[in-house]
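Worksheet: one structure, shown below.
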Amino acid sequence: MTVPVGLSTPATIALILGLLVGLGFVGALLYPAVRKRLEAGPDIPRGMRPGPPDEILERRHPERTMVWGVLFTLIIAVSVGATWLTEPSVNVADAEELLERSAERGSKWFQEANEENPTGFGCARCHGQEAEGGSVPFTQENGETVLYPVPSLSDVCGRLTIEGPGQIRETIQQGREGTPMPSWSVSYAGPMNDQQIQDLIQYLLSIQQVPAGENLCLNPPPAGETA
């Protein structure tokens, strides 16, 4: 499905100005030809037509060229300045859009695979459709099958023991021995590449129900300290 990309207000204004300048430039190029057609007289071959007088060649043409040069220099200077002034906000908007798209992809990886979502990895099978947690049957090393409690992920950023979301990435990549959590990274024994894991983490960060002050993904503890 194609997702339309919205332009920010500065980008829209810059696009409109660019189109107007482009149309004006094309019109300036076409105007002499159109005017000549309208003022066409006898069909005299170009090589036999009288040349322009010295006044036009030595003064008007150079002056006209310099005026156009100054005009386009001013346009370029204004456009460069406008681009420089709006670049920070445009970069922020682009970064936010990339994070939103990453979280949207991650939500698809999280759900189970079906006809509408054939690329799902099925995290929701154990952790719940809304990452609320649950329980799954698990056969232990001694052969006993137990109902293993699966933690919720909507508050995982309040339960970390190391800095930031690094623990989330490590758990997804390597899994947890002795639990139903397998390895999901192709670097170990799983099917997910680094981008898919990053998308999944971004999705989990976007659904956290932890207060901002207690969110260790947003406010990791100082180096050397644990939560």
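Only heavy atoms go into these numbers, but all of them, side chains included; no hydrogens, no water, no symmetry mates. These numbers come from a predicted model, not from an experiment.
Panel note: side chain Ser79, backbone Ile75; a donor-acceptor pair is recorded below 3.5 Å. Checking side-chain atoms of Gln111 against main-chain N and O of Lys108 turns up no donor-acceptor pair under 3.5 Å. In this structure a side-chain-to-backbone donor-acceptor pair under 3.5 Å is missing from Ser102 to Leu99.
Between Ser183 and Pro191, the shortest heavy-atom distance links the atoms O-CD, 4.4 Å. The two residues Gly106 and Tyr203 come nearest to each other via the heavy atoms C-CB, 3.7 Å. Closest non-hydrogen pair, His127 versus Pro151, comes out as ND1-O, 3.0 Å. In terms of heavy atoms, Cys157 sits closest to Leu205 at SG-CD2, 3.6 Å. Of all heavy-atom pairs spanning Ile172 and Met181, the tightest one is CA-CE, 3.9 Å. Residues Glu132 and Glu130 share a closest heavy-atom pair of OE1-N, 2.9 Å.
The only member of Asn215, Ile207, Val210 that meets side-chain contact (heavy atoms from CB on, under 4.5 Å) when paired with Asp155 is Val210.
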- Message: For a side chain to side chain contact (heavy atoms under 4.5 Å, CB included) check, start with the C-alpha distance between Glu112 and Gln129, then their side-chain angles and the critical distance, and finish with the verdict.
- Response: CA-CA 9 Å; Glu112 296 186 52; Gln129 296 296 319; 4.0 Å; yes

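At a threshold of 4.5 Å between non-hydrogen side-chain atoms, the residues Trp68 and Leu71 count as touching. Counting heavy atoms from C-beta on, the side chains of Val146 and Pro137 never come closer than 4.5 Å. At a threshold of 4.5 Å between non-hydrogen side-chain atoms, the residues Gln202 and Glu100 do not count as touching. For the pair Arg159 and Ser152, the minimum side-chain heavy-atom distance is below 4.5 Å. Taking the side chain as every heavy atom from C-beta outward, Leu153 and Phe110 approach each other to under 4.5 Å.
Using a 4.5 Å cut-off between side-chain heavy atoms of Ile, Leu, Val, Met, Phe, Trp and Tyr, with links allowed through other members, Trp109 and Ile168 fall into the same hydrophobic cluster. Residue Val150 is not grouped with residue Ile201 when hydrophobic side chains (ILVMFWY) are merged at heavy-atom distances under 4.5 angstrom, including chains of intermediate members.
Through direct or indirect side-chain contacts shorter than 4.5 Å among Ile, Leu, Val, Met, Phe, Trp and Tyr, Ile76 is connected to Val80.
Gln195 and Asp199 form a side-chain donor-acceptor contact under 3.5 Å, judged by distance and modelled atom types alone.
In Glu116, the CD atom is not crowded: 12 or fewer heavy atoms of neighbouring residues, nucleotides or ligands sit closer than 6.0 Å.
Pairs of residues two or more places apart, or lying in two chains, that qualify as side chain to side chain donor-acceptor pair (under 3.5 Å) and include a residue from residues 139-151 are Thr139-Thr145.
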